[in-house]
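Comments concern the structure below.
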Amino acid sequence: MKTSAKILCGLFVIIMLASCVIMGVSASSAYQTYTYSISGYALYSPDAYTADPTIITSKYMGLTTELNNPSDLVTDDKGNVYIADAGNNRIVCLNRYYKQNFIINSFVNDKGVKDSLSAPQGVFITKDRIWVCDTGKGRIVVFDRNGEFVKIIEAPTSNLFGDNSLYKPVAIAVDQYNRLFVVSSGTYQGIIVMTENGEFTGFIGAQATTLTAWEIIWRRFQNDDQKAQQEENVSTEFNNITIDADGFIYVTTSGIDAASVESAITSKSTDGKYMPVKMLNTNGDEIMRRNGFWPPAGEVDFSSLTKDDITGASTITDVAVGPEGTWSIIDEKRQRIYTYDSNGNLLFAFGDKGTMIGNLEGIEAITYQDDKMLVLDKTTKSITVFNRTDYGDILISAIAAENDRDFTLAINQWTEVLKRNSNFDAAYVGIGQAMYLNGEYEESLEYFEAAYDTENWSKSFQEIRRIWMADYFLVLILIIVAIIAAFIICSKFINKVNKKATTSGKKKTFGEELAYGFYVILHPFDGFWDLKHEKRGSVRASIVFIAVTILAFFYQSIGQGYLMNPEGTYASIWVQVIGVLVPLFLFIISNWCLTTLFEGEGSFKDIFIACSYSLVPVPLLLIPVTLLSNVCTNAEIDIIGFISTLSFIWLGILIVFGTQVTHDYTMGKNIITIAGTLVGMVFIMFLALLFSTLVGKMVSLITNIITEIRYRI
């Protein structure tokens with residue numbers, strides 16, 4: 001009996017432990033918090049918010065009638081919660097503990113007639129008013145904070161509304177001057193702006209439209225009425241709105257063409273034209289900062305399949321303003337929440353579809369309640385409360401220190417963030433920016449490099465360069481004068497060597513053959529003529545030019561400045577050898593084969609020498625610009641790139657003139673021959689690939705035969 005009892009107790013303990021493990025795994029797998037790297041890879045991070053185990057259902061709220069099609073969720077300055085319960089034609093008002101305070105559904109209007117709400121989809125709270133979008137009746141109804149009726153704001157009238165325009169307010173925001181910003185379903189001209197008395201003052205923030213190439217052509221044949229009708233059909237309306245304490249307006253839309261959104265995200269566009277969330281001033285100007293690695297538009301890796309096979313750009317349906325200039329948007333498609341700072345850096349993203357605690361079924365609205373985040377689930381007709389974690393507290397503290405310009409505290413707080421999440425690139429940027437503003441420019445570079453933040457790195461380096469130039473101005477002038485003097489002396493020496501070689505009548509020395517390369521690149525017609533007929537060049541000099549070109553490319557690979565190569569990647573010397581020799585000899589062989597058939601006067605050796613001497617501008621320009629890339633800023637990168645491109649253009653021009661002179665062709669015939677040469681290069685590569693494939697199959701066949709024979713023996 002004792003043995004049986006011990007066995008049963010042991011089994012019970014094992015079962016209980018297994019249950020705990022399973023529960024632990026389940027709880028931790030409800031959703032994963034993450035950010036994105038500059039390369040678009042998801043970087044896991046600690047949870048900034050965790051779901052409260054208690055789900056706020058209708059029963060918990062104390063409602064006798066269950067929520068039906070809840071459409072909006074907001075809080076006030078006292079933490080009270082308001083739900084637009086569209087299906088029940090009411091506004092549900094809860095206290096800060098999510099218990100029913102009162103319900104607004106019917107009232108006596110200003111004419112003394114009993115009235116009621118009809119499918120209200122939006123609600124907004126100011127210091128003394130409750131503003132309700134009475135969507136079903138096309139009006140705004142205003143109540144005081146106790147739910148007592150104040151007034152009705154009827155549909156605005158203006159010639160600016162289209163003939164087919166339908167006023168159906170679905171979301172509203174009110175600024176500190178009681179100006180109303182209304183989102184109306186079916187109104188494509190933008191956000192409707194009214195006074196508190198309902199006087200229409202205009203539209204702001206009209207969305208960009210996207211037309212296909214066929215639609216653009218077809219519009220040329222349409223009359224004005226058809227164009228207006230099409231404009232209504234293709235223009236995009238907003239779906240939600242909120243406003244921050246400074247009066248800046250956040251609006252969202254899910255109607256922009258998905259391809260346009262994905263293209264804007266992929267190209268890391270800072271333009272809000274095709275973004276699903278925007279920040280506007282009261283004049284309607286788009287002022288959102290998009291300084292993060294990726295524009296704030298929800299999911300970045302939208303090509304990856306989720307567990308429900310969801311792809312494509314996020315479907316953004318609501319936005320909420322959080323503490324210290326942070327703000328959050330919700331993705332209806334993935335049931336996910338994305339939170340950004342005032343600069344557009346992704347702080348964290350989390351959420352998933354499911355039935356576990358913290359998962360959502362039909363995310364509809366989001367709002368903040370002090371250090372909590374409340375999310376309305378339309379499908380389950382409930383509110384999920386997310387509590388901010390210690391990690392989230394430190395994150396907000398770091399942002400607060402930055403906003404207060406307490407840079408020492410900001411550095412300390414961001415360092416604490418990194419201790420908990422070493423993958424958080426925004427923390428490295430935060431420390432770097434704090435050091436930059438504190439005048440610690442050299443120290444900030446290390447942190448910007450850790451996050452591959454080239455823009456801020458450039459600003460710090462510009463300050464370092466400015467200080468150095470101020471301290472060593474005379475040294476800089478001497479260096480510039482020395483470079484100019486050295487260039488002049490070298491030019492005179494090379495010209496002297498070339499003139500001497502022209503009149504000496506003797507066999508050319510190796511030095512004279514090398515020096516002639518600099519004459520050829522500046523005088524291509526005379527240079528290539530003498531290169532062939534006067535034997536001013538040689539194979540040995542050609543080999544030197546090829547070798548120097550290979551070394552120039554290799555130096556460019558390993559010696560570029562940080563801004564030109566932030567990830568520090570490079571190609572080995574053997575890759576550079578292949579990269580130069582393969583295209584060079586493909587061109588030479590193809591050109592020789594073709595010109596042999598079309599009366600070309602150049603031999604294989606002549607073509608080789610002409611092409612090799614044409615390479616001279618490449619190292620001549622690449623080496624200096626590689627050096628300069630180590631002292632340039634973002635504003636000068638384009639100049640560096642232009643000079644590098646110029647070297648290849650120069651190379652192409654020399655090859656064209658070199659082949660023309662070498663084969664004694666006219667320009668027209670030479671162009672045709674070069675085009676044929678390029679086609680020949682492709683043909684040679686195809687033959688080489690085919691031959692290597694056949695050889696591989698033959699080797700495989702012989703190997704299999706030998707293996708079979710050994711097996712038989």
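Heavy atoms only: backbone and side chains are in, while hydrogens, waters and symmetry mates are out. Here, residue 1 is the first one in the sequence, and each next residue gets the next number.
Side chain to side chain, Asp76 and Tyr82 meet the donor-acceptor criterion of an N or O pair below 3.5 Å. Donor-acceptor pairing under 3.5 Å is recorded for the side chains of Thr252 and Asn239.
Closest of all the heavy-atom pairs between Ser328 and Met373 is OG-CE, 3.9 Å. Of all heavy-atom pairs spanning Asn345 and Asn291, the tightest one is OD1-O, 4.0 Å. Heavy-atom minimum distance, Glu361 versus Asp377: N-OD2, 2.7 Å. Nearest heavy atom pair, residue Met61 against residue Ile56, reads CE-O, 3.5 Å. Residues Tyr250 and Asp244 come closest through the heavy atom pair CE1-OD2, 3.8 Å. Heavy-atom minimum distance, Ile265 versus Ala297: CD1-CB, 3.8 Å.
One distance of note links CD1 of Ile383 with CG of Leu94; it measures 6.0 Å at 0.5 Å rounding. In this structure, Leu437 CG and Asp406 CG are separated by 12.0 Å, a value rounded to the nearest 0.5 Å. Between the CG atom in Asn89 and the NZ atom in Lys137 there is a gap of 8.5 Å [rounded to 0.5 Å]. The line from CG of Asn387 to CG of Asp371 is 7.0 Å long, rounded to the nearest 0.5 Å. To the nearest 0.5 Å, the span separating CG on Asp318 from CD on Glu364 amounts to 8.0 Å. Distance check: Ser382 OG to Leu67 CG gives 8.5 Å after rounding to the nearest 0.5 Å.
Tested against Arg96 for a side chain to side chain donor-acceptor pair (under 3.5 Å), the candidates Asp370, Thr75, Asn80, Asn101 yield a single pass: Asp370. Checked against Phe386 for a ring-ring contact (aromatic ring centres under 6.0 Å, His included), the options Tyr49, Phe348, Phe350, Tyr368 give a single hit: Phe350.
No more than 12 heavy atoms of other residues, nucleotides or ligands sit less than 6.0 Å from atom OH of Tyr41. Other residues, nucleotides and ligands contribute more than 12 heavy atoms inside 6.0 Å of the NZ atom of Lys378.
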Worked verdict on Arg145 versus Asp77 for salt bridge (Lys or Arg N to Asp or Glu O under 4.0 Å): CA-CA 11 Å; Arg145 290 280 287 266; Asp77 53 351; 2.8 Å; yes
Evaluation steps, side chain to side chain contact (heavy atoms under 4.5 Å, CB included), between Ile249 and Ile241: CA-CA 7 Å; Ile249 303 159; Ile241 188 170; 3.6 Å; yes
Please report the C-alpha distance between Asn197 and Lys151 in whole Å, then the side-chain angles of each, then the deciding distance to 0.1 Å, and finally whether the side chain to side chain contact (heavy atoms under 4.5 Å, CB included) criterion is met. CA-CA 9 Å; Asn197 296 319; Lys151 63 182 176 180; 3.7 Å; yes
Pair Phe200, Thr157 - check side chain to side chain contact (heavy atoms under 4.5 Å, CB included), show working. CA-CA 7 Å; Phe200 175 76; Thr157 57; over 6 Å; no
Please test Glu455 against Val429 for side chain to side chain contact (heavy atoms under 4.5 Å, CB included), starting from the C-alpha separation and ending with a verdict. CA-CA 11 Å; Glu455 185 172 345; Val429 175; over 6 Å; no
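If you look at Tyr436 and Phe448, their ring centroids are not closer than 6.0 Å.
No side-chain donor-acceptor contact under 3.5 Å links Thr270 to the backbone of Arg290. Using modelled atom types, no side-chain atom of Trp457 and backbone atom of Ser444 make a donor-acceptor pair closer than 3.5 Å. Without hydrogens or angle criteria, Asn283 side chain to Asp285 main chain gives no donor-acceptor distance under 3.5 Å. For the pair Asp175 (side chain) and Tyr177 (backbone), a donor-acceptor distance under 3.5 Å is present. Formation of a donor-acceptor pair under 3.5 Å by the Asn146 side chain with backbone atoms of Glu148 is not found in this model. Of the possible polar contacts, none joining the Thr266 side chain to the Ser263 backbone as a donor-acceptor pair under 3.5 Å is found. The backbone N or O of Asp47 sits less than 3.5 Å from a side-chain atom of Thr389, completing a donor-acceptor pair. Gln433 places no side-chain N or O within donor-acceptor distance of the main-chain N or O of Gly430, the cut-off being under 3.5 Å. No donor-acceptor pair closer than 3.5 Å links the side chain of Ser458 to the backbone N or O of Thr454. In this structure, the side chain of Gln121 does not engage the main chain of Asp134 through any donor-acceptor pair within 3.5 Å.
For the side chain to side chain donor-acceptor pair (under 3.5 Å) test, residues two or more places apart in sequence or in another chain that qualify with Asn109 are Asp115. With sequence neighbours excluded, the residues that form a side chain to side chain contact (heavy atoms under 4.5 Å, CB included) with Ser314 are Glu299, Ile316, Asp331, Arg334, Tyr338. Under the rule for a salt bridge (Lys or Arg N to Asp or Glu O under 4.0 Å), Glu324 has no partner lying at least two apart in sequence or in another chain.
Between Ile104 and Phe149, every side-chain heavy-atom pair lies at or beyond the 4.5 Å cut-off. The closest side-chain heavy-atom distance from Phe293 to Val300 is not below 4.5 Å. By the 4.5 Å heavy-atom criterion applied to side chains, Ile172 and Leu180 are counted as neighbours. Two residues are said to be in side-chain contact when any heavy atoms from C-beta on lie closer than 4.5 Å; Thr282 and Ile204 fail this criterion. Taking the side chain as every heavy atom from C-beta outward, Thr187 and Phe203 approach each other to under 4.5 Å. Counting only heavy atoms from C-beta outward, the side chains of Ile140 and Cys133 approach each other to under 4.5 Å. When side chains are defined from C-beta on, Tyr44 does not count as touching Asn423, because their heavy atoms never get closer than 4.5 Å. Under the 4.5 Å side-chain criterion, counting only non-hydrogen atoms from C-beta, Gln335 is not in contact with Asn359.
Ring planes of Phe107 and Phe143: perpendicular class, angle over 60° (limits at 30 and 60°).
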